[in-house]
Q: 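I'd like to ask some things about the structure below.
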Number of protein chains: 2
Amino acid sequence: MSEVESFFKSAFSVDNVIFGFDEGELKILLIQRGAAPYKGKWALPGDLVYPNEDLDDAAERVLEQLTGLRGVYLEQVKTFGSVNRHPLGRVITIAYFSLVNVSNYTVTPASFAQLAKWHRLSDVKDLAFDHNEILDSCLKRLKRKVRTAPLGFELLPPKFTLSELQQLYDSVLDLPKKLDKRNFRKKILSMGFLVECEEVQEGVPHRPAKLYSFDKEKYEQFLNEGYVFDL
Amino acid sequence: MSEVESFFKSAFSVDNVIFGFDEGELKILLIQRGAAPYKGKWALPGDLVYPNEDLDDAAERVLEQLTGLRGVYLEQVKTFGSVNRHPLGRVITIAYFSLVNVSNYTVTPASFAQLAKWHRLSDVKDLAFDHNEILDSCLKRLKRKVRTAPLGFELLPPKFTLSELQQLYDSVLDLPKKLDKRNFRKKILSMGFLVECEEVQEGVPHRPAKLYSFDKEKYEQFLNEGYVFDL
DNA sequence: TGCTATGGTGTGAAAAATACAATAAGTCCT
DNA sequence: AGGACTTATTGTATTTTTCACACCATAGCA
């Protein structure tokens with residue numbers, strides 16, 4: 001084998017940390033591997049990138065095969081390429097995270113998985129490959145990004161209450177002290193891109209909360225006026 | 001060729017955006033390509049990753065071959081993998097940026113280059129491959145990172161004046177208004193990890209400035225007390 | 001010695017962040 | 001109908017941070 005050929009004895013994959021928000025908590029979607037290596041272990045959903053496929057497309061494909069969802073928020077985080085990270089050869093992987101709204105779809109295990117299931121973050125341990133490290137990086141990235149970009153909304157249904165939104169931030173940021181309710185509402189409403197729907201919660205055994213939704217146009221306007229999202 | 005084999009008809013490279021600060025300006029080190037494709041064009045220094053080489057090691061190697069420097073600040077930024085980004089095959093590239101102190105070394109063009117030269121950012125245009133896009137990503141990253149981590153010092157000699165430091169920030173951030181001198185000094189000194197050397201500038205035709213240096217231990221202490229670097 | 005260039009310093013006003021608690025609007029139960 | 005329960009909603013006073021701003025000091029040099 002020539003020297004040049006040896007450079008091409010390698011492959012790349014994408015792995016996707018899929019975040020969801022359910023039961024008041026941040027969760028991630030893991031698959032149980034159906035094939036060696038690490039057969040039976042929990043792992044991040046991922047796949048090799050096809051020869052004629054862009055990286056972002058591959059990450060979208062993995063997500064769609066698993067959830068049926070398209071057009072959700074997806075962000076490249078970091079590439080992991082230790083020489084021995086994959087037991088079968090030189091495979092580097094490009095890690096992505098995505099944010100999905102758990103309520104409106106059902107998980108259908110793709111070909112590469114026996115089983116797919118939502119996990120609470122605190123229950124996750126001992127994943128296949130270097131996936132724990134990948135998860136850490138993505139979680140760290142998420143924590144930063146939710147404070148500097150209006151991403152939280154991607155994890156909620158189109159209409160949500162301010163309490164749900166705050167609970168989401170409390171869960172994602174996992175700070176020693178919860179955010180102050182009054183200050184949180186003041187701040188997020190003052191940015192002016194949450195619009196009050198003409199609706200309230202239904203079926204709750206207490207005072208129903210107003211529903212709000214994220215107005216993308218108003219957010220663009222907010223940016224154009226020179227402001228920055230910052231929580 | 002089997003389907004599995006086709007996944008391995010690919011390679012990966014690293015590309016390095018090397019930032020330096022000289023003549024009061026932010027600069028980047030580019031090479032003029034000595035071989036096809038894009039022979040003669042200016043490009044980011046980069047190379048294929050060896051089969052038994054970690055990604056970070058490859059980025060360090062590229063930097064060292066070009067500058068002779070080791071142990072400088074290096075950070076992975078993003079991976080670029082469009083199907084057609086490389087005319088000779090499927091090659092994805094992992095982009096890094098590094099920060100070097102221009103004053104203490106000389107550039108020695110490596111094997112992959114005819115010529116290496118520092119460029120002012122405003123003079124850079126029409127690089128080989130997708131290197132303009134890579135540069136944009138790295139510059140954006142640098143602008144964010146210098147405000148949230150004590151990276152600026154990596155671009156300066158060990159002893160520097162506060163004016164030099166501010167000039168560096170003005171140059172990197174490139175804001176419509178320069179930073180205010182008094183507020184800048186107040187803020188950076190209040191963090192307490194810049195220590196005054198027992199020296200002043202020499203050979204300047206005006207009042208000589210005090211020299212300061214970055215004290216890593218004091219910075220750790222600053223972090224342990226729960227503070228965050230933020231400019 | 002005076003001209004020129006950059007170094008170095010403090011204060012007041014405005015804006016933003018923070019801490020904090022009482023009333024409102026529903027359901028559920030008796 | 002009334003009371004208990006649960007979560008929703010709202011404002012103010014204090015502290016902290018940010019911002020705007022101008023003058024004297026100290027060196028080299030002619």
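Chain identifiers are assigned alphabetically (A, B, ...) following the order of the sequence lines, protein sequences preceding nucleic acid strands; residue numbering begins at 1 within each chain. Computed over heavy atoms, backbone and side chain alike; hydrogens, waters and symmetry mates excluded.
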Q: Send over the distance from B:L162 CG to C:dG7 P, rounded to a whole Å.
A: 9 Å

Q: Let me know the distance between CG of B:L179 and C1' of D:dA20, rounded to the nearest Å.
A: 14 Å

Q: Please tabulate, one pair per line, each protein N/O and nucleotide N/O from nucleotides 11-18 of chain C that are separated by under 3.5 Å, including the distance.
A:
| unit_1 | atom_1 | unit_2 | atom_2 | d |
| --- | --- | --- | --- | --- |
| C:dT11 | O4 | B:K186 | NZ | 3.0 |

Q: For B:P208, check side-chain contact (heavy atoms from CB on, under 4.5 Å) against everything at least two apart and list the hits.
A: B:V200, B:Q201, B:V204

Q: Assess whether a salt bridge exists between B:D130 and B:R85, defined as any Lys/Arg side-chain N lying under 4.0 Å from an Asp/Glu carboxylate O.
A: yes

Q: Please test A:L26 against A:L139 for side-chain contact (heavy atoms from CB on, under 4.5 Å), starting from the C-alpha separation and ending with a verdict.
A: CA-CA 10 Å; A:L26 186 65; A:L139 184 57; 4.0 Å; yes

Q: From CG of A:L165 over to P of D:dT9, roughly how many Å is that when rounded to an integer?
A: 12 Å

Q: Provide, to the nearest angstrom, the distance between the CZ atom belonging to A:R182 and the C1' atom belonging to D:dA8.
A: 12 Å

Q: Strictly under 3.5 Å: I want the nitrogen or oxygen pairs between protein and nucleotides 27-30 of chain D, one per line.
A:
none

Q: Can you tell me how far C1' of D:dA8 sits from CG of A:L211, to the nearest Å?
A: 12 Å

Q: Can A:W118 and A:E23 be said to form a side-chain contact (heavy atoms from CB on, under 4.5 Å), step by step?
A: CA-CA 11 Å; A:W118 286 100; A:E23 299 168 324; over 6 Å; no

Q: In whole Å, what is the span from the NZ atom of B:K210 to the C1' atom of C:dT9?
A: 10 Å

Q: State, yes or no, whether a side-chain contact exists between A:W42 and A:K117 at a heavy-atom distance under 4.5 Å.
A: yes

Q: Is it the case that more than 12 heavy atoms not belonging to A:R144 sit under 6.0 Å from its CZ atom?
A: yes

Q: Provide, to the nearest angstrom, the distance between the CZ atom belonging to B:F160 and the P atom belonging to C:dG7.
A: 14 Å

Q: Reckon A:S163 has a side-chain N or O less than 4.0 Å from the OP1 or OP2 of D:dT7?
A: no

Q: Are the side chains of B:Y38 and B:H131 in touch, meaning some heavy atoms are under 4.5 Å apart?
A: no

Q: What nucleic acid atoms does A:T161 come within less than 4.0 Å of, heavy atoms only: base, sugar-phosphate, or nothing?
A: nothing

Q: Measuring from the side chain of A:R185 (C-beta onward, heavy atoms only), which nucleotide among C:dT9, D:dT10, C:dG7 has the closest atom?
A: D:dT10

Q: To the nearest 0.5 Å, tell me how far B:T79 OG1 sits from A:I94 CD1.
A: 5.5 Å

Q: Rounded to the nearest angstrom, tell me the gap between atom CD1 in B:I188 and atom P in C:dT9.
A: 15 Å

Q: Testing A:F153, A:F214, A:Y169 one by one against A:F160 for a ring pair (Phe, Tyr, Trp, His ring centres under 6.0 Å), which residue passes?
A: A:F153

